[in-house]
Each structure stands twice: as C-alpha cells, then as structure tokens.
Number of protein chains: 2
Amino acid sequence: MDAESRKIPTHEVTYARLRDMILYGHLEPGAAVTIQGLVSDLGAGMTPVREAIRRLSAEGALEAQGNRRVSVPKMTAGMLDQVAFARLTIEPKLAEMAAANLTPALILRLESIDAQVDRAIRKGDIPAYLEANHAFHFCLYEASDAPVLVDMARSMWLRFGPSLRVVCAQHGADALPDQHGQALAAMRAGDAAGLKAAIELDLAQGVDQVRLALEQGNI
Amino acid sequence: MDAESRKIPTHEVTYARLRDMILYGHLEPGAAVTIQGLVSDLGAGMTPVREAIRRLSAEGALEAQGNRRVSVPKMTAGMLDQVAFARLTIEPKLAEMAAANLTPALILRLESIDAQVDRAIRKGDIPAYLEANHAFHFCLYEASDAPVLVDMARSMWLRFGPSLRVVCAQHGADALPDQHGQALAAMRAGDAAGLKAAIELDLAQGVDQVRLALEQGNI
DNA sequence: GTTCAAGAAATTTGATCAAATTATTGAGGT
DNA sequence: ACCTCAATAATTTGATCAAATTTCTTGAAC
C-alpha cells in the first residue's frame, strides 16, 4: 500500500508467492491448484492468479491436465533422470562461469547465507533450509552473468522443489547435503574447477536422495 | 467453430499463434509486443492475449522491459553463447534418446518432412523452411519420451527463432544448413551415435551462421 | 524573433475486476 | 448402465482505473 509496494504489480507479487509455495514445498506433489482457491487464499483478483498459474505452467512448475485442471506435478523416475541430467549439465557450468566474476564481497555474502543454511539444519527447520539453500545456489549462479542458463536452472529447481521437500520431511533436515563448505573453500582459493566439482557433488547428493525415496515409493 | 475447435480454448490458440509468429520470424528482434495490438490483430480478447504473453515471457520468447512493455529480445553475443551451449547439450542428447524409440513409420514421417525442407529451400520459401525444419527436429525429439528436455529445447528455439529468420533473409534460403540427410541415414542404420553427431553438426552450423551475422552487426 | 527546454495535457497502453458464459464432474434417477 | 441435471470451476468479455509515453504549449534565454 506504500509508495514502494504500489509500484510492483499484483500479478508479479502473486506469481512470486505461488512460485515460493511450490519451491519451498508448501504444495505437495499431486496437489490440485485452482484459480478460485488461490483467489481466496492469496486475496488477489482472478486475472493476476490466472497469469501466475500460466507462467508457472510454462516454467514446468505446474502441470495442465488437459481438462482445465492444474496441479503440482508428481515426480516420476523418467522426469527425475531428465531433471538430473539438465541440472548436472547447467549448474556446474554456471558455478564455473560465476567463479570468474567472484568478488570478496560476494564470497562474504555467500558465507553468510551458508551460515543460515547451517542454522536451519541444526534447528531442523526445513522451510528455512530450503529457502537458504536456494538462496545460496542462485546467489552464486547469478554472478555468472548468464541469465538464459540461470532461467533454465530456475525451471529445474521448480520441478525439483516439491519432491525435495517430501524427502526432507521424511529424513529430517540433518540428513541433508551441505557441500557448501567445499564450494566456499574453492571460491576463496579462486579454484573454478574445484567449485564446479563441489557444486556437482552437492547436486548429485540431492538427486540421489530423491531417487532413493522415489524407488521406495515414498513420493 | 466445429466441435473440434470448440474444445480447444481461446488462450491456447492465441498462445500457439503468437508463439509461431515468434518462432517463424514474423516478428523481428526488438519489435514491441502490445496487448492491444494483438487483441486487434488476432481478434482475441484481452485475457487470452495477456496469458499468451506471460507464457511466452516465461519461456524466454519475449522480454519484459521493466516499464510494463514487452518486446522480442534482440540477440547478443552473450545470449548466443548460452543458447548455443544449452542447445548443443540438450538436443544431441534428445536425438540419441530418440534413436532408441525410432520405428520405420516414424523414419518415414521424418523423411517426408525433410522432403518439405528441401522443397522450401529450392523455392527459397523461408517461412516454409523454418516451419519444416522445426517440425523435423521436434518430430525427432518428441520420440525421445523426455518431455522435460523437449520443453527446454523448445525454449531455446524460441530464443533463437527471430535471429535465424533475419539471417535467412540476408543469405537466402539455399545457404542454409541441411544436415538432415546424414541424420536420416544414421536413423535407417540404427546408429544412435551417428544420429547424435549429425544433429550436433546441424545445430553448430545454424549457430555459426547467426554468430557470423551478429559479429558483422547484421542483427 | 527564434530556439530550446520544462512542464502539463492528451493519448496510448497496461492492470485489475466483476459479471456472463461455458465446460466438466458427480450425483441421482430411469 | 446410461442419461439428465445441478453444482462447481474455468473461460471470456467488457468496463474501469492507473501508469507511461508522447505531444503540445509556454516561457525564458540568446
């Protein structure tokens, strides 16, 4: 309602809110997403909600079921393979590119975010962990100056988020991967290849957790 | 207006039409895309048009300029590098995966599409070439049974399309890459690696054409 | 008297909402 | 088992409001 918030349009806010609900696991895989439901839940009008749903469908975060229904996609083995391939191709590349642009200030910022990740793990606060972990990765990726590839990574995280949340809820937060220490050490040393490898390992661990849960039918 | 077309909602049709306009180069890089303009050009309502624009923005086919305006993005050297990296990673992989699922009927279909490509090149019909070339690639890719990766490829083509059109208009259609013969031969031989290599070469040639034009300031 | 610039009006375009229309689903009756 | 009908939700339109850009005007300086 301020001068600040007045400038940013409702459909952007609505998009961001729905996106975060998906990304941080507030919506379970398979959950139905209805326009009317969001209109009352988010207190927004119909048009902004429609647009948010369309955008997120285009990004793969939501799935149109043909008959006018939309839902959070359920992860399948095939989808996981594809997402894993894309993530393991794109994200290490982004980390490597980011390495060339890292400044001491940025490394400091990443260390502070990693501290938040640790704190969330110690407290077992899963939403906080998911949010901080996401922030760590994308703070790094955005330094790559490669917005096209960052967009692709974002899309993959949106497809991955809901399942990761389910896995976290099962295993507890302390079984979670935190390869960030390795990554930070490589950053400080200016070791691009080492950073790339650390990120690669971090991703692979997350993917393996989800794959395991999937094979056991827990998702 | 039939029972057929009645089932498919206006916003889908509108999306498809606008997408094709971008993909087949009917909109130049940098062109402004206005809601009201499309409302009158496409004869659709405001909401369907808005949704089409949002979807295509989310896919990277359109670019929001901050001040409520939307336009077709202009290709830059940095963007081209990113798109090239993604395409050369994803699309050969899709071709390789598709190789495992190819049937004689599908190969026949691809041969027929390739004949359309050749015909368009001989006639110098650039829109027809772009459309047939697109159809060839995605007919193949869809056989991969990897919808997530196909979505990513689609997004890359949307970013690439407008620039390719400009290059075609400059060089004429006969300077265009057609590595499809190689690809089809590999398909008939059941040679997945050969197919992958042929597609890789085809993409690389297209990327090089655009890069050249970009360096010469022709885009 | 001409030119340039600042500011205000007008026009264009985007954002949002509310109402009317249409499709789908599921229940109840034949 | 099939058909009909009611309920629910999505689609679409048109109206209204807000923002941004362009154009026009006005005033000052040269």
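Side chains are part of it too, since the values below use all heavy atoms of this structure and drop only hydrogens, waters and symmetry mates. Chain identifiers are assigned alphabetically (A, B, ...) following the order of the sequence lines, protein sequences preceding nucleic acid strands; residue numbering begins at 1 within each chain.
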Open item on the list: Can you confirm whether B:E63 is buried at CD, in the sense that more than 12 heavy atoms of other residues, nucleotides or ligands lie under 6.0 Å from that atom?
Closed with: yes
Open item on the list: Looking at A:T10, I'd like to know whether one of its side-chain N or O atoms comes within less than 4.0 Å of OP1 or OP2 on C:dA15.
Closed with: no
- [ ] Give a yes/no on whether any side-chain N or O of A:N67 is located under 4.0 angstrom from OP1 or OP2 of C:dA23.
- [x] no
TODO: Could you check how far CZ of B:R69 sits from C1' of C:dG14, rounded to whole Å?
DONE: 8 Å
TODO: Measure from CD on B:Q65 to C1' on D:dA19 and round the result to the nearest Å.
DONE: 15 Å
- [ ] Could I get the full list of side-chain contact (heavy atoms from CB on, under 4.5 Å) partners for A:A58, not counting sequence neighbours?
- [x] B:R55, B:A58, B:E59
Acceptor/donor pairs from residues 75-82 of chain B side chains to any protein atom, 3.5 angstrom cut, sequence neighbours excluded:
residue, atom, partner, partner atom, Å
B:T76, OG1, B:M79, N, 3.1
B:D81, OD1, B:R211, NH2, 2.9
B:Q82, OE1, A:V148, N, 2.8
B:Q82, OE1, A:L149, N, 3.4
B:Q82, NE2, B:G78, O, 3.3

Return a table of donor-acceptor pairs under 3.5 angstrom between the side chains of residues 18-26 of chain A and protein atoms on other chains or two or more places apart.
none

Open item on the list: I need the residues from residues 35-63 of chain A with at least one non-hydrogen atom less than 4.0 Å from DNA chain D; give them sorted by number, or say none.
Closed with: A:I35, A:Q36, A:M46, A:R50, A:R54
Going by atom type alone, with no hydrogens or angles, which donor-acceptor pairs under 3.5 Å involve a side-chain atom of residues 34-47 of chain B and a protein atom two or more places apart or on another chain?
residue, atom, partner, partner atom, Å
B:T34, OG1, B:G37, N, 2.9
B:S40, OG, B:Q36, O, 3.3
B:S40, OG, B:G37, O, 3.0

TODO: Would you mind reading off the distance between A:R68 atom CZ and D:dT8 atom C1', rounded to a whole angstrom?
DONE: 11 Å
Atom pairs and distances, side-chain donor-acceptor, residues 109-120 of chain B, under 3.5 Å, sequence neighbours left out:
residue, atom, partner, partner atom, Å
B:E111, OE2, B:R188, NE, 2.6
B:E111, OE2, B:R188, NH2, 2.9
B:D114, OD1, B:H180, ND1, 3.2

